[in-house]
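Note that the coordinates shown come from a computational prediction; the quantities given were computed from them, not determined experimentally. The chains referred to below are lettered A, B, ... by the order of the sequence lines, with proteins before strands, and numbering in each begins at 1.
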2 protein chains.
Amino acid sequence: MNARRPATLASLAAELGVSRTTVSNAYNRPDQLSPELRKRVLDTARRLGYPGPDPVARSLRTRKAGAVGLLLTENLSYAFRDPAALGFLEGLSLACEDAGSGLLLVPANPEREEVASVHRAGVDGFVVYSVPDDDPHLAAVMERPVPVVVCDQPSIDNLDRVGIDDAHAIKLMAEHLIELGHRKIGVLCMRLARARNDGPASTQRQENASFHVQRRRLAALAEAFREVGVDWEQVPVIERFDHTVSSGESAASQLLESTPEVTAIICTSDILALGALNAARNRGSRVPEDLTVTGFDGIVDAERAGLTTVRQPVLEKGRAAGRLLLDTGEPGRPREVRLETQLVTGSTAAPPRSIEERWFGP
Amino acid sequence: MNARRPATLASLAAELGVSRTTVSNAYNRPDQLSPELRKRVLDTARRLGYPGPDPVARSLRTRKAGAVGLLLTENLSYAFRDPAALGFLEGLSLACEDAGSGLLLVPANPEREEVASVHRAGVDGFVVYSVPDDDPHLAAVMERPVPVVVCDQPSIDNLDRVGIDDAHAIKLMAEHLIELGHRKIGVLCMRLARARNDGPASTQRQENASFHVQRRRLAALAEAFREVGVDWEQVPVIERFDHTVSSGESAASQLLESTPEVTAIICTSDILALGALNAARNRGSRVPEDLTVTGFDGIVDAERAGLTTVRQPVLEKGRAAGRLLLDTGEPGRPREVRLETQLVTGSTAAPPRSIEERWFGP
DNA sequence: ATGAAAGCGCTAACAT
DNA sequence: ATGTTAGCGCTTTCAT
């Protein structure tokens, strides 16, 4: 209900026979007028159904929206299903709450080029979470004359950033597997570009990936395995556009079908790894005896599954991003927050067995 | 970066020697001016670093914010941890996305009376999710001259609503347990009022609960059990302020400690029930042999645990709330959407065993 | 303690 | 196809 469009500050002032300033002060600077007058103003306001100063008009005048915009590269609803994104959101909302700021989720359908929603967002700044280098919504955000903080990707000069050292993080994993003795590996990765693609990703595609994070993780893996003599060109890298357990499962199936000799599947996310675990089970492969599977992120479900993975502080990332954006100081910018990661040795990685062992038992 | 505060539509128009209308049209009504002129406008805009029409000024003029506000009764970050709230959010975000609308999460700390965030929210309407009757933020929302849709609670005349039939839903559960033979029951419920309280809730407290949903569920349980001769006054109802698995656990412990003769614990949420399951395990009680435990909501973790519960379509609730708010039509209001629920018979409910059986085995 | 004047930056009739 | 005129509703110096 409440569909009238009635009293304004001006009409209220007129009714009261006072100036608009006085009415404004009644709401915003109680100490600037006598308690009696203030009470009279507020009472009359109630009587006339005046809802208080219009927030939009106020924002226009004060140049403050009281909200932070969040740009994701996915459908909004996706964010509520991906545990890592969720952790980020939780952290970000914590920071917003601390600052009394609202959090505006900006719809940015990755399938469309529509950036109107970015233009329309009445916010004091944007947090950009994990979008590709060439995302048009990002471009629209950067045109807005407000501060921007990027989380994870892309990394853009001159912009505040929060993230982790992806290369370092996944290198720990690579070294762990190398130490265990794995040389025949396969990789499952998330989407590398905005256009849908499901299947093997050539090294060229890997290098051209517009998703910075994936690109760097793959590059770091390549480097680590090349150092022990693995020909990266021969390492199957399977890409999936959708980030779901079932895409992980299908990707792993595809991988094991075409390259059954792999002894380990490295996944660039826990979600994909969880799917890979399913795929292994479906094929009757035991993990880690027959096959090693590793993830990335350290989500709860991964922990539950005993996944060997890399834990990153997703909640802290969100909080740090929010703080960076909301913190008054903007002196020696751009600023960067780099958070720590941690190798989690679960029960899904073990030394490889030889082909013979795998087929004929130990 | 991007911290200049430069060109406006007017300055751009001046620079170009055209009217502001023309510049405005270049952005909002491309068909209203020649392509060449439009290109000239846009090019000059880029050159001057004009970021396009200011969204706040536009909102003021058009009386459209392009965003929906969401009011929760909890800290924002809580919403990202409660599976039911999350489902609701997902549904709501789906509806917003469809309409190209943003979703503004309004910080509304339940501990404070601060409603400024509600006043400051530049939105075209509010969705209110499960807040108590006397929530000051809700009052602030209702003063705003914008449409409001309430989900679950409270139920306020004249306001659009979406929800379920709580009494009916939990009655199904009550009848199920009654049929199994349970007469000695205990109940775990969520907070009944805004002020923190943890422990037994008297019938008076139950009846005065400012959380509508809990009140109705308890009332329906009372009615159902009274019909089979149970003295509701004697039924222990344990309340918990925090909605977490561990509060469920402690509440169940408290219940079983003080009333070990209960054969069933009915919980008004799955989260609490999951905690009750833990408590039973800690005491060495087998579920359902020694103790029946039931939940409410139908969250994924409940399903995983085989919980006997009532499933409600949380995602649909969110979507319906969003649609109700965004749907152009506002004729024969108020409107109400009542969604269906479903009894899920899991493996945590069975006929009670007598006290003797329980102590000495079958 | 209260008021007058001057916009914040934009869009929407209504001309032309 | 482009310009003129009027605000949207508010806050903020600066006076008084």
Side-chain angles (χ1 to χ4, degrees), chain A residues 4-41 44-45 48-66 116 119-124 143-146, chain B residues 4-41 44-45 48-66 116 119-124 143-146:
Chain A
R4 59 223 140 94
R5 162 125 302 286
T8 69
L9 186 144
S11 71
L12 181 53
E15 169 86 17
L16 281 157
V18 303
S19 81
R20 298 187 306 248
T21 308
T22 300
V23 178
S24 176
N25 282 338
Y27 285 94
N28 303 316
R29 291 176 160 73
D31 50 310
Q32 294 295 296
L33 71 179
S34 63
E36 306 83 53
L37 179 53
R38 179 168 136 90
K39 181 170 186 323
R40 229 183 96 219
V41 171
T44 311
L48 294 184
Y50 175 64
D54 179 282
V56 175
R58 174 193 299 210
S59 282
L60 174 59
R61 186 60 235 241
T62 61
R63 313 264 31 158
K64 226 107 208 49
H119 289 140
R120 232 181 324 205
V123 295
D124 298 320
E143 280 168 7
R144 294 275 306 263
V146 294
Chain B
R4 60 223 138 95
R5 161 127 300 290
T8 68
L9 186 144
S11 71
L12 182 52
E15 169 86 16
L16 281 157
V18 304
S19 81
R20 292 178 309 220
T21 307
T22 300
V23 177
S24 176
N25 283 340
Y27 285 94
N28 303 316
R29 292 177 158 76
D31 49 311
Q32 295 294 297
L33 72 179
S34 63
E36 306 83 53
L37 179 52
R38 178 167 138 92
K39 182 169 185 322
R40 228 182 97 219
V41 171
T44 311
L48 294 184
Y50 175 64
D54 179 283
V56 175
R58 172 192 299 202
S59 283
L60 175 58
R61 185 62 238 242
T62 60
R63 312 266 32 161
K64 226 110 209 46
H119 289 139
R120 231 180 326 200
V123 296
D124 298 320
E143 280 168 7
R144 294 276 307 263
V146 294

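Taking atom CZ on B:Arg120 and atom P on D:dC10, their separation rounds to 16 Å, with Å as the unit. Atom OH in B:Tyr27 sits about 13 Å away from atom C1' in C:dG9, given to the nearest Å. What separates CG of A:Leu9 from C1' of D:dG7 is a distance of 16 Å, to the nearest Å. Going from atom NZ of A:Lys64 over to atom P of D:dG9 covers 23 Å, rounded to whole Å. The separation between B:Asp31 atom CG and D:dA1 atom C1' is 11 Å, rounded to whole Å. In this entry the distance linking CG of A:Leu60 with P of C:dA6 reads 18 Å, nearest Å. Here the P atom of nucleotide D:dA1 and the CZ atom of B:Arg40 are 16 Å apart, to the nearest Å. Protein atom CZ of A:Arg20 is 9 Å distant from nucleotide atom P of C:dA4, rounded to whole Å.
Listed nucleotides D:dG3, D:dT11, D:dC8 differ in distance to B:Arg63; the shortest reach to its side chain belongs to D:dC8. Nearest to the side chain of B:Arg29, among C:dT2, D:dA6, C:dA12, sits C:dA12. The side chain of A:Arg61 sits closest to D:dG9 out of C:dT2, C:dG9, D:dG9. If you check D:dG9, C:dT2, C:dC10 against the side chain of A:Leu37, the one that comes closest is C:dT2. Side-chain proximity of A:Ser24 to the nucleotides C:dC10, D:dT11, C:dT11 is greatest for D:dT11.
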A:Asp54/B:Arg63 under side-chain contact (heavy atoms from CB on, under 4.5 Å): CA gap, chis, key distance, verdict: CA-CA 10 Å; A:Asp54 179 282; B:Arg63 312 266 32 161; 2.7 Å; yes
Please test A:Thr22 against A:Arg20 for side-chain contact (heavy atoms from CB on, under 4.5 Å), starting from the C-alpha separation and ending with a verdict. CA-CA 5 Å; A:Thr22 300; A:Arg20 298 187 306 248; over 6 Å; no
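Nucleic acid contact for B:Thr21: base, since at least one base atom lies under 4.0 Å from a heavy atom of the residue. The residue B:Asn28 sits close only to the backbone: its heavy atoms come under 4.0 Å of sugar-phosphate atoms, none of a base. Nucleic acid contact for A:Leu33: sugar-phosphate only, since backbone atoms but no base atoms lie under 4.0 Å from a heavy atom of the residue.
Where B:Asn25 and B:Thr62 meet DNA chain D, the nucleotide closest to each residue was compared, and B:Asn25 sits on the side nearer the 5' end.
Inter-residue side-chain proximity for B:Val56 and B:Leu60 is flagged as unmet; no heavy-atom pair is nearer than 4.5 Å. Between B:Leu9 and B:Tyr50, the closest side-chain pair of non-hydrogen atoms falls below 4.5 Å. The side-chain heavy atoms of A:Gln32 and A:Arg38, taken from C-beta on, include no pair separated by under 4.5 Å.
Between B:Thr8 and C:dG9 there is no side-chain polar atom (N or O) within less than 4.0 angstrom of OP1 or OP2. Side-chain N/O atoms of A:Thr22 include one lying less than 4.0 angstrom from OP1 or OP2 on C:dG3. OP1 or OP2 of C:dT11 has at least one side-chain nitrogen or oxygen of B:Arg58 nearer than 4.0 Å. Taking 4.0 angstrom as the limit, B:Ser59 places none of its side-chain polar atoms (N or O) nearer than this to OP1 or OP2 of D:dC8.
Under the 3.5 Å distance criterion, the side-chain polar atoms of B:Arg40 are matched with a main-chain donor or acceptor of B:Leu16.
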